[in-house]
Amino acid sequence: MNTTIRLKLSIMMFLEFFIWGAWFVTLGTYLGSNLSASGSETAAIFSTQSWGAIIAPFIIGLIADRYFNAEKILGILHLAGAFLMYQMYQSEEVGVFYTYVLSYMILYMPTLALVNSVSFNQMKDPEKEFATIRVWGTIGWIIAGLSISYFFHWDSTEGISSGLLKNTFLLAGIAAFILGLFSFSLPKTPPKVSDEKIKIGDIIGLDALKLLKDKNFAIFFVSSILICIPLAFYYQNANLFLTQAGIENPTGKMAIGQISEALFLLLIPVFFVRFGFKKTILIGMLAWAVRYVLFAYGNGGDLSFMLIIGIALHGICYDFFFVSGQIYTNSKAGEKYKSAAQGLITLATYGVGMLIGFAVAGWITDTYKTLEGGINWQMVWIIPAGIAFVVFLLFAIFFNDKKETRSV
């Protein structure tokens, strides 16, 4: 891969995740402060990510993989996304806002697969080359968070009260417009020419359901869905919680989670060799429980370090479960079902699991609203901590894949 192509792919990844990080992290705070959304309304808006994840394979499988160049579809989707971001920026009513977010997520989620397709098409050895390109996506997310907190100060007390948080949609929209135009200059990624009849089962990975006959894979599959319930609490509530706790520059501080994610990604091979798959994934599950206990009993004053540690645990929480799970799925699937298995796990986690998780998080948040209009955050965090710990125990007791443990 020559330097020009490497640079283009890196810019593409940077902008792809800068866009997401520029508005999604502060969304919960925006909905509560600017649109006075309830917990259930907030849950419905966050769940658009799940609907996008469920619909995305159909857009990729029915259109992108068969008829058009990936880079051209990427450009069109982001240009349309830029328009929808501007509509979100102007919206002042929850119902209208929801319509635009849902439309946006249906267009955005397929682009996550498209940027990978464009990248892989240029690589001779993706296993070695992809990480150095993908890391620019994490950097993009981090830069977005740092910009909102330390450059624009939109998430400060004054910024929120002045309504400046809605500018995040403008920032994301501008980045989407730039990426939309830039996409047409990316290396050509033609569709896979195939005369075979399209099967819906292939698109959503139904062939991989055969893997569920393996008891251990079935336990992992169910655990993957269940662990997404506590994950949804973080996405939906963390920024609002940190803001109400009095943490300065909360969005910038949440970027610590992405820095941690990048660092722990490098440590996964070490943990696999030393501890095996089961112990690695159990560490990830336990980290979710520990993080939420820290959130429940920390505060924005003398115990603010507990909240920062909770944010920093994001790398262990995410990488040790989700990335390890993707590697495990790959090893169990075999050549025939590799793509189908990854599609099925994505559908189960970001689709079904997160959909349930956002609904539960919204219901719990509404349940623990105080008479003064605040939220009993201790209970809001203790509940997902308990859920994560139960999943940890179930997996520890029932998963026993000794043959695969050290050879994944």
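The residues of the chain are indexed from 1 along the displayed sequence.
Between the side chain of Ser162 and the backbone N or O of Gly159, no donor-acceptor pair lies under 3.5 Å. Put simply, the side chain of Glu129 gets close to the backbone of Asp125: a donor and an acceptor are under 3.5 Å apart. In terms of modelled atom types and a separation under 3.5 Å, the side chain of Thr349 and the main chain of Gly353 share no donor-acceptor contact. In terms of modelled atom types and a separation under 3.5 Å, the side chain of Thr189 and the main chain of Pro187 share a donor-acceptor contact. Side-chain atoms of Ser185 come within 3.5 Å of backbone atoms of Phe182 as a donor-acceptor pair (strictly under, hydrogens ignored). Looking at Lys278, its side chain never comes within 3.5 Å of a backbone N or O of Asn400 through a donor-acceptor pair. The closest donor-acceptor contact from the side chain of Glu71 to the backbone of Leu186 lies at 3.5 Å or more, if one exists at all. The backbone N or O of Gly95 sits less than 3.5 Å from a side-chain atom of Thr99, completing a donor-acceptor pair. Tyr292 places a side-chain N or O within donor-acceptor distance of the main-chain N or O of Pro230, the cut-off being under 3.5 Å. Side-chain atoms of Asn299 come within 3.5 Å of backbone N or O of Leu303 as a donor-acceptor pair.
Closest approach of Leu294 and Leu307 over heavy atoms only: O-CD2, 3.9 Å. The shortest heavy-atom contact between Ser36 and Glu41 is O-OE1, 4.3 Å. Closest approach of Ser91 to Leu35, counting heavy atoms only: O-CD2, 4.2 Å. Minimum heavy-atom separation, Gly315 to Ser260: N-OG, 2.9 Å. Scanning both residues, Leu107 and Pro110, for their nearest heavy atoms gives O-CD, 3.3 Å. The shortest heavy-atom contact between Ala53 and Gly351 is CB-N, 4.2 Å.
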Given side-chain contact (heavy atoms from CB on, under 4.5 Å), test Cys317 with Arg291 step by step and report yes or no. CA-CA 9 Å; Cys317 293; Arg291 146 189 268 186; 4.2 Å; yes
For Leu242 and Lys253: C-alpha separation, side-chain torsions, deciding distance, then whether side-chain contact (heavy atoms from CB on, under 4.5 Å) applies. CA-CA 9 Å; Leu242 295 170; Lys253 288 196 169 67; 5.8 Å; no
Ring pair (Phe, Tyr, Trp, His ring centres under 6.0 Å) for Tyr235 and Phe46? Distances and angles first, verdict last. CA-CA 8 Å; Tyr235 284 147; Phe46 269 93; 7.9 Å; no
Please test Leu171 against Asn167 for side-chain contact (heavy atoms from CB on, under 4.5 Å), starting from the C-alpha separation and ending with a verdict. CA-CA 6 Å; Leu171 179 65; Asn167 290 335; over 6 Å; no
What do the steps show when you test His78 against Ile178 for side-chain contact (heavy atoms from CB on, under 4.5 Å), and what is the final call? CA-CA 9 Å; His78 276 301; Ile178 293 169; over 6 Å; no
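Looking at Ser149 and Asp155, their side chains do bring a donor and an acceptor atom within 3.5 Å of each other. A donor-acceptor contact under 3.5 angstrom links the side chains of Asn239 and Thr29, judged on distance only. Side chains of Arg6 and Thr132: a donor-acceptor N/O pair is present below 3.5 angstrom, by distance only.
The CD1 atom of Ile256 sits 11.5 Å away from atom CG of Leu313, with the distance rounded to the nearest 0.5 Å. The CE atom of Met105 sits 10.0 Å away from atom OG of Ser47, with the distance rounded to the nearest 0.5 Å. Note: Phe14 CZ to Ile19 CD1 = 10.5 Å, rounded to the nearest 0.5 Å. Summarising the geometry, atom NE2 belonging to His153 is positioned 12.0 Å from atom OG1 belonging to Thr251; distances are rounded to the nearest 0.5 Å. The structure places NZ of Lys8 at 13.5 Å from OG of Ser119, a figure rounded to the nearest 0.5 Å. Here the straight-line distance linking atom CG of Leu31 with atom CD of Gln236 works out to 9.0 Å at 0.5 Å rounding.
Counting heavy atoms from C-beta outward, Val115 and Met13 have side chains that approach closer than 4.5 Å. The closest side-chain heavy-atom distance from Glu16 to Trp136 is not below 4.5 Å. Thr42 has its side chain out of reach of Ser38: every pair of non-hydrogen atoms, C-beta onward, lies at least 4.5 Å apart. Counting only heavy atoms from C-beta outward, the side chains of Phe184 and Ile76 approach each other to under 4.5 Å. In this structure the side chain of Trp51 reaches within 4.5 angstrom of the side chain of Ile54, judged on heavy atoms. Looking at Ile364 and Met379, their side chains never come closer than 4.5 Å, going by heavy atoms from C-beta outward. With contacts defined as side-chain heavy-atom distances shorter than 4.5 Å, the pair Trp288/Phe389 does not qualify. Within the 4.5 Å cutoff, the side chain of Ile133 has heavy atoms near those of the Met123 side chain.
Between Trp381 and Trp377, the angle of the ring planes stays under 30°, which puts this pair in the parallel group of the 30/60° scheme. Using a 30° and 60° split on the angle between ring planes, Phe295 and Phe241 fall in the tilted class, from 30° to 60°. A parallel orientation is assigned to the rings of Tyr234 and His314, their planes being inclined by less than 30° (bins at 30° and 60°). Relative ring orientation between Tyr108 and Tyr104 is described as parallel, the plane-to-plane angle staying below 30° on a 0-90° scale split at 30° and 60°.
With sequence neighbours excluded, no residue forms a salt bridge (charged side-chain N to carboxylate O under 4.0 Å, His left out) with Lys215.
Outside the 6.0 Å centre-distance limit, the rings of Phe233 and Phe358 are not counted as a close aromatic pair. Ring-centre distance between Phe120 and Phe130: below the 6.0 Å cut-off.
Residue Trp20 is tested with Thr111, Val25, Leu112 for a side chain to side chain contact (heavy atoms under 4.5 Å, CB included); the sole match is Leu112. For the pairing with Phe169, the ring pair (Phe, Tyr, Trp, His ring centres under 6.0 Å) check across Tyr86, Phe83, Tyr30, Tyr89 returns one residue only, Tyr30. Phe399 pairs with exactly one of Phe392, Phe217, Phe277 by the ring pair (Phe, Tyr, Trp, His ring centres under 6.0 Å) rule, that one being Phe277.
In the displayed structure, Gln87 atom CD is contacted under 6.0 Å by more than 12 heavy atoms of other residues, nucleotides or ligands. For Glu92, the CD atom is loosely surrounded, since the number of other residues' heavy atoms within 6.0 Å does not exceed 12. Taking a 6.0 Å sphere around CZ of Phe305, one finds it holds more than 12 heavy atoms contributed by other residues, nucleotides or ligands.
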